[in-house]
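The structure appears below as structure tokens.
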Amino acid sequence: MAERVDVVVLGMGVGGEELAECLAESGLNVVGIESNLVGGECPYYGCVPTKMMIRADDMLAEGRRIPGFAGDSTVTPDWGPVARRIRKEATDNWDDRVAVERFEKKGGHFVRGTGRLAGSGKVSVDGKVYEATRAIVIATGTSPAIPPIAGLSEVPYWTNREAVKVEHLPATLAILGGGAVGLELGQAFARFGVKVTIIEGMSRVLAMEEPEASAVLADVLHRDGIELRVNVHAKSVERASTGVRVNLDDGQQVLAETLLVATGRRANLQGIGLETVGLKPSSGLLQPDDRLRVGERIWAIGDVTANGGFTHVAIYQADIVYNDIMGSPGPGADYRAKPRVTFTDPEVGAAGLTEEQARQQGINVRTGIQKASVTSRGWIHGPGNDGFIKVVEDRDRAVLVGATTMGPRGGDILGIFELAIKNQIPSDDLRHLIYAYPTFYRGVGEAVRKLGGDDVHQPIW
Ligand SMILES: Cc1cc2nc3c(=O)[nH]c(=O)nc-3n(C[C@H](O)[C@H](O)[C@H](O)COP(=O)(O)OP(=O)(O)OC[C@H]3O[C@@H](n4cnc5c(N)ncnc54)[C@H](O)[C@@H]3O)c2cc1C
């Protein structure tokens with residue numbers, strides 16, 4: 001006999017936990033099913049521990065910038081405090097007791113196990129079936145995607161999950177993947193003295209963002225002592241006496257004590273019974289409508305959806321689904337100004353479209369770009385002022401469709417652009433704002449004032 005409940009949330013990661021808690025607090029009978037840790041990737045293996053590493057490596061970098069500006073400094077990195085802080089403050093030693101109790105205190109019913117859709121309105125877990133009368137929410141997130149490289153399964157390697165648990169650093173580290181995760185972790189470890197090599201198949205690192213950001217990052221990472229191998233693929237991997245040997249398709253080899261695989265994510269949609277409710281992922285992801293519905297009384301949120309990939313998106317979607325399930329739908333999902341930040345030093349913030357994406361959409365584009373180091377604040381800041389602000393305008397409508405804010409506090413500066421892009425604020429309004437002097441965000445006005453008269457982007461370095 002199935003147990004009748006109001007809502008079943010399958011996967012209690014960032015999105016699922018947020019939604020399940022809100023629904024339970026509102027008095028619905030909610031079952032939350034989680035096979036691993038309530039909270040998901042972000043607090044235990046993703047955002048939070050990696051940002052603690054980055055906070056620590058930023059401190060080291062700032063310390064090393066002291067000579068010539070504020071005295072002498074000798075910085076001696078020690079990974080011990082970082083590893084301890086991650087264990088204690090970030091992940092509670094990978095224990096979700098607090099999160100489970102918080103959900104239960106709000107009235108939720110927690111089930112530890114691997115759930116599976118079992119036909120219309122039903123979810124089974126360990127032989128028990130729940131029948132959801134109001135909603136099923138699929139929020140099963142992602143796992144590290146492991147590329148089919150010959151020999152990889154025969155050697156030990158880290159993904160982000162092992163990387164955040166490390167207590168003793170290797171001397172050398174090869175990283176497969178020069179996207180946000182590979183770059184953030186690579187820079188953090190390099191600044192703690194690890195000799196890092198990043199192998200990226202695309203022609204540049206952080207390939208999904210503006211090429212100017214890739215160029216600045218390549219330069220900064222080089223100064224951090226990181227070796228970047230772009231436009232090259234790992235053909236095979238094998239054990240070596242000192243660790244692992246990565247054979248590249250250009251005939252070169254990379255030897256490292258440890259290998260980190262950071263080649264993207266794979267949605268956890270296999271084996272969860274999608275076929276029992278007539279669902280089929282497209283390009284490996286679910287494609288919900290603007291209320292995150294994927295079927296009759298079924299919703300999907302977070303990284304399993306086509307617009308997911310970030311904690312803030314999962315939480316944003318959870319809020320939309322909450323209102324929909326509660327029968328008071330607000331505005332539907334709008335991703336035009338979707339923000340994203342790569343937390344390297346300098347940070348790379350971006351919202352909306354890149355220049356190339358805008359052109360591909362047939363938009364009559366013009367761009368403006370201002371280098372961080374030539375703004376008053378950037379100049380005052382001195383070392384560590386790498387970066388720029390770039391705006392992408394739809395020239396016909398005179399509104400921004402995209403922006404990149406790379407530099408110190410790049411992620412925080414992004415907010416004004418998210419608002420401008422989403423609310424279609426005329427570029428002229430941004431041009432005539434009073435920007436406090438001397439802030440980094442003052443560069444926003446300078447970049448907008450540099451919007452060129454033609455659609456050819458003028459490089460600034
Ligand atoms: C290294 C790294 C750094 C990151 N940094 C950032 C950042 O700085 N900012 C940012 O916004 N995002 C960041 N992200 C991305 C962010 O972690 C994800 O976008 C976010 O966790 C997605 O939330 P989710 O709820 O969709 O999925 P998840 O957090 O993946 O949670 C899904 C949950 O479902 C569970 N589950 C799966 N299948 C089942 C099943 N059949 N039954 C029961 N439970 C199941 C899983 O165990 C998991 O706990 C980072 C990711 C990584 C890997």
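Whatever order the structure lists ligands and atoms in, that order sets their numbers, starting from 1.
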Q.
Go through it in stages, so that I can follow the logic: the residues are Glu104 and Arg102, the test is salt bridge (charged side-chain N to carboxylate O under 4.0 Å, His left out), and I'd like the CA-CA distance, side-chain angles, deciding distance and then a yes or no.
A. CA-CA 6 Å; Glu104 289 178 338; Arg102 189 171 50 225; over 6 Å; no
Q | Interfacing atoms of ligand 1 (cut-off 4.0 Å, heavy-atom, Gly113) | A | 42 (N), 43 (C)
Q.
Suppose we call two aromatic rings close when their centres sit under 6.0 Å apart. Are Phe103 and His109 close by that rule?
A. no
Q | Nearest-contact summary for atom 35 (C) of ligand 1 - protein heavy atom, Å | A | Glu34 OE1, 3.2 Å
Q) Any idea which protein heavy atom is nearest atom 39 (C) of ligand 1, and the distance to it? A) Thr140 CG2, 3.6 Å
Q) With no hydrogens and no angle check, do the side chains of Glu356 and Gln360 hold a donor and an acceptor under 3.5 Å apart? A) yes
(Q) So is Gly308 touching ligand 1 or not, going by heavy atoms under 4.0 Å? (A) no
Q: Compute whether any side-chain donor of one residue and acceptor of the other, for Gln317 and Tyr335, lie under 3.5 angstrom apart.
A: yes
Q: Count the heavy atoms of every other residue, nucleotide or ligand shown that sit under 6.0 Å from CZ of Arg4, and state whether that count exceeds 12.
A: no
Q) Should you measure from each heavy atom of Leu10, which atoms of ligand 1 turn up under 4.0 Å away? A) 42 (N)
(Q) Starting from atom 4 (C) of ligand 1, what is the nearest protein heavy atom, named by residue and atom, and what distance separates them? (A) Cys47 N, 3.5 Å
Q: Classify the ring geometry between Trp94 and Tyr45 as parallel (under 30°), tilted (30 to 60°) or perpendicular (over 60°).
A: parallel
Q) Are Asn247 and Glu238 linked by a side-chain donor-acceptor pair shorter than 3.5 Å? A) yes
Q: Can you pull out the closest protein heavy atom to atom 15 (C) of ligand 1? Residue, atom name and distance to 0.1 Å, please.
A: Gly309 O, 3.7 Å
Q: Report the relative orientation of the aromatic rings in Trp79 and Phe189; use parallel for angles under 30°, tilted for 30 to 60°, perpendicular for over 60°.
A: tilted
Q. Considering only heavy atoms, does Lys51 approach ligand 1 within less than 4.0 Å through its side chain, its backbone, both, or neither?
A. side chain
Q | Atoms in ligand 1 with a heavy atom of Phe343 nearer than 4.0 Å | A | 8 (O)
Q) Cys42 heavy atoms, cut-off 4.0 Å: which ligand 1 atoms fall inside? A) 17 (O), 21 (O)
**Q.** Sub-4.0 Å atoms of ligand 1 with respect to non-hydrogen atoms of Asn160
**A.** 1 (C), 53 (C)
(Q) Taking the basic N atoms (NZ, or NE/NH1/NH2) and the acidic carboxylate oxygens, is any pair closer than 4.0 Å for Arg291 and Asp289? (A) no
Q) Taking non-hydrogen atoms only, is Leu37 closer than 4.0 angstrom to ligand 1 via side chain, backbone, both or neither? A) backbone
Q) In terms of atom number and element, which parts of ligand 1 are under 4.0 angstrom from non-hydrogen atoms of Arg265? A) 53 (C)
**Q.** Reference residue Leu206; test side-chain contact (heavy atoms from CB on, under 4.5 Å); the match among Glu209, Met202, Arg204
**A.** Glu209
Q) Do any nitrogen or oxygen atoms of Ile301 come within less than 3.5 Å of a nitrogen or oxygen of ligand 1? A) no
(Q) If you measure every N or O of Asp303 against every N or O of ligand 1, does any of those distances drop under 3.5 Å? (A) yes
Q. Which part of Thr142 is near ligand 1, with near meaning a heavy atom under 4.0 Å away: side chain, backbone, both or neither?
A. backbone
Q) For the atom pair CG (Leu10) and CD1 (Ile136), what is the distance rounded to the nearest 0.5 Å? A) 8.5 Å
Q) Does Glu184 come within less than 4.0 Å of ligand 1, judged by its heavy atoms? A) no
(Q) Could you identify the single nearest non-hydrogen protein atom to atom 29 (O) of ligand 1 and state the distance to 0.1 Å? (A) Glu41 N, 3.0 Å
Q. Any idea which part of Arg340 is under 4.0 Å from ligand 1, heavy-atom wise: side chain, backbone, both or neither?
A. neither
Q: Decide whether Asn423 and Arg336 meet the rule of one side-chain donor and one side-chain acceptor closer than 3.5 Å.
A: no
Q: Can you pull out the closest protein heavy atom to atom 45 (C) of ligand 1? Residue, atom name and distance to 0.1 Å, please.
A: Ser35 OG, 3.4 Å
Q. Which residue supplies the protein heavy atom nearest to atom 21 (O) of ligand 1, what is that atom called, and how far is it?
A. Val14 CG2, 3.4 Å
Q. Looking at ligand 1, does any of its N/O atoms fall within less than 3.5 Å of an N/O of Thr311?
A. yes
Q) If you draw a 6.0 Å radius around NZ in Lys122, do more than 12 non-hydrogen atoms from other residues or ligands fall strictly inside? A) no
Q) What are the atoms of ligand 1, with element, lying closer than 4.0 Å to any heavy atom of Phe310? A) 11 (O), 12 (N), 19 (O)
Q: Compute the minimum heavy-atom distance from Gly271 to ligand 1 and say whether it is under 4.0 Å.
A: no
Q) Between atom CD of Glu17 and atom CG of Leu37, what is the distance when rounded to the nearest 0.5 Å? A) 11.0 Å
Q. Considering only the protein, which heavy-atom contact is closest to atom 51 (C) of ligand 1, and what is its distance?
A. Gly46 CA, 4.2 Å
Q.
Is it the case that ligand 1 has an N or O less than 3.5 angstrom from some N or O of Gly115?
A. yes
Q.
Could you tell me if Asn231 and Glu200 have a donor-acceptor pair between their side chains, going purely by distance under 3.5 Å?
A. no
Q. Between Glu355 and Lys390, is there a side-chain N and carboxylate O pair less than 4.0 Å apart?
A. yes
Q: Select the closest option to atom 32 (C) of ligand 1 among Gly411, Gly302, Gly264, Ala139, judged by heavy-atom distance.
A: Ala139
